[in-house]
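Some notes on the structure that comes next.
Here is the naming used below: chain letters follow the sequence lines, and residue numbers restart at 1 for every chain.
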Number of protein chains: 2
Amino acid sequence: MNIGQAAKRSGVAAKTIRYYEEIGLIPAAGRTASGYRDYGDAEVETLKFIQKARSLGFSVHDVGDLLTLWRDRDRASADVRRIAQGHVLAVEQKIAALQAIRQTLEGLISRCHGDDRPDCPILEGLAPGCCGDTGQGL
Amino acid sequence: MNIGQAAKRSGVAAKTIRYYEEIGLIPAAGRTASGYRDYGDAEVETLKFIQKARSLGFSVHDVGDLLTLWRDRDRASADVRRIAQGHVLAVEQKIAALQAIRQTLEGLISRCHGDDRPDCPILEGLAPGCCGDTGQGL
DNA sequence: AAGGACCTTCCAGTCACCGGAAGGTCAAGG
DNA sequence: CCTTGACCTTCCGGTGACTGGAAGGTCCTT
């Protein structure tokens with residue numbers, strides 16, 4: 001099947017498949033006589049694997065590691081677990097950072113009347129040296 | 001003061017200050033006779049404002065809008081509020097997406113014994129067509 | 001034969017910077 | 001006066017993970 005079919009079946013865009021090949025995440029596909037890339041079911045399964053891992057936020061680098069482990073029938077599950085747990089930790093840190101941001105923003109927004117008047121606690125909260133700002137940030 | 005001093009006082013790296021000037025987020029700084037950029041307290045305050053807004057996750061584009069509003073003594077606070085609320089929405093969506101990812105990952109990890117044995121529910125969860133996978137994803 | 005939907009490669013752009021090279025400037029110390 | 005080292009300047013390239021588009025070749029149908 002050609003790249004468009006593989007893209008449709010795997011859920012990975014054709015452009016992205018070429019990109020993955022270029023960076024070596026997947027091996028170079030076979031070619032037809034006319035130079036078109038040619039894919040089989042196994043390649044599509046690999047692409048689906050990649051797609052799922054990426055949708056869980058694994059970096060392309062991590063996906064490369066996971067793919068290697070996936071192909072290795074003798075891998076230790078501990079290796080996979082380590083990658084996944086490292087990723088969970090990173091995800092949790094991102095969540096915490098975003099929650100802190102949300103809290104700060106909502107505090108500022110709740111104090112802003114949001115009408116035609118120019119005074120705005122949001123800008124005042126962002127502005128240093130304003131409204132008794134101690135320079136310690138928000 | 002030169003760019004290094006402005007960087008230290010504002011918390012924005014010198015490289016980043018030049019970048020902000022290049023993309024037009026801040027006006028081009030004055031220059032000394034020898035060509036060094038020259039900053040005053042007002043510029044440092046602007047940089048601090050930018051630094052705080054960026055630390056709250058506003059895009060550089062949004063910071064530009066906020067700066068315009070900040071400089072406009074007649075702005076309506078509603079304009080600021082709209083930008084901030086749009087950003088909160090985006091932040092909340094990111095948090096939700098990350099939480100879903102975390103949940104999925106933790107489900108997979110909890111089923112993985114994580115030892116020397118090769119069978120691993122994490123990889124099986126990522127692999128399509130495996131273990132009764134319906135192709136419906138995780 | 002013609003059209004449209006594919007495919008190919010290559011280049012550029014995204015976002016928000018960071019690193020480094022090559023070269024000019026400044027202030028202090030010998 | 002000269003050197004040293006810490007600054008500053010510009011410019012170029014790289015990051016991650018793609019995405020868009022141009023120019024040109026191929027395939028299939030009518």
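- One interatomic measurement links the two molecules: NE2 of B:His61 to P of C:dT14, which rounds to 13 Å at whole-angstrom precision.
- Of the candidates C:dA16, D:dT9, C:dC6, the closest approach to any side-chain atom of B:Ile3 belongs to D:dT9.
- For B:Arg54 and C:dC15, the shortest distance from a side-chain N or O to OP1 or OP2 is not below 4.0 Å.
- Comparing B:Val60 and B:Ala33 by the nucleotide of DNA chain C whose heavy atom lies nearest to each, the residue mapping closer to the 5' end is B:Val60.
- Atom CD1 in A:Ile17 sits roughly 15 Å away from atom C1' in D:dA17 (whole-Å rounding).
- Atom CE in B:Met1 sits about 19 Å away from atom C1' in C:dT25, given to the nearest Å.
- When the side-chain nitrogen and oxygen atoms of B:Thr16 are compared with OP1 and OP2 of C:dC18, one or more of them lie within a distance under 4.0 Å.
- Summarising the local packing, CD of B:Gln103 is surrounded by 12 or fewer heavy atoms from other residues, nucleotides or ligands at distances under 6.0 Å.
- Distance, B:Tyr19 OH to D:dG13 C1': 15 Å, rounded to whole Å.
- Between B:Arg81 and A:Asp115, no side-chain nitrogen of the basic residue sits less than 4.0 Å from a carboxylate oxygen of the acidic one, so the salt-bridge criterion is not met.
- Note on A:Glu21 versus A:Arg37: salt bridge recorded, some NZ/NE/NH1/NH2 to OD/OE distance being below 4.0 Å.
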### Message
One pair to check against side chain to side chain contact (heavy atoms under 4.5 Å, CB included): A:Glu92 and A:Val88. What are the steps and the verdict?
### Response
CA-CA 6 Å; A:Glu92 280 170 352; A:Val88 166; 3.6 Å; yes
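- For the OP1/OP2 pair of C:dC17 and a distance below 4.0 Å, the side-chain nitrogens and oxygens of B:Tyr20 include at least one atom meeting the criterion.
- Using a 4.5 Å cut-off on side-chain heavy atoms (C-beta onward), B:Ser10 and B:Gln51 make no contact.
- Across all strands, A:Arg18 comes closer than 4.0 Å to base atoms (heavy-atom distances).
- One hydrophobic cluster holds both B:Ile26 and B:Ile23 under the rule that ILVMFWY side chains link at heavy-atom gaps under 4.5 Å.
- Taking atom NZ on B:Lys15 and atom P on C:dA21, their separation rounds to 11 Å, with Å as the unit.
- Note on B:Ile23: nothing from the nucleic acid sits closer than 4.0 angstrom, heavy atoms only.
- At D:dC27, one or more side-chain N or O atoms of A:Ser34 fall inside 4.0 Å of OP1 or OP2 (strictly under the cut-off).
- Among the nucleotides D:dA17, C:dA16, C:dC6, the one closest to the side chain of A:Tyr36 is C:dC6.
- Across the protein-nucleic acid pair, A:Gln5 atom CD and D:dT26 atom P stand 21 Å apart, rounded to whole Å.
- For B:Asn2, no side-chain nitrogen or oxygen approaches OP1 or OP2 of D:dC7 to under 4.0 Å.
- The side chain of B:Arg31 contributes an N or O atom lying less than 4.0 Å from OP1 or OP2 of D:dT10.
- Between B:Phe58 and A:Glu21, it is A:Glu21 whose nearest contact on DNA chain C lies nearer the 5' terminus.
- Distance, B:Glu22 CD to D:dC11 C1': 10 Å, rounded to whole Å.
- Between A:Arg37 and C:dT8 there is a side-chain N or O to OP1 or OP2 distance below 4.0 Å.
- Straight-line distance from the CG atom of A:Asp38 to the C1' atom of C:dC6: 15 Å, rounded to whole Å.
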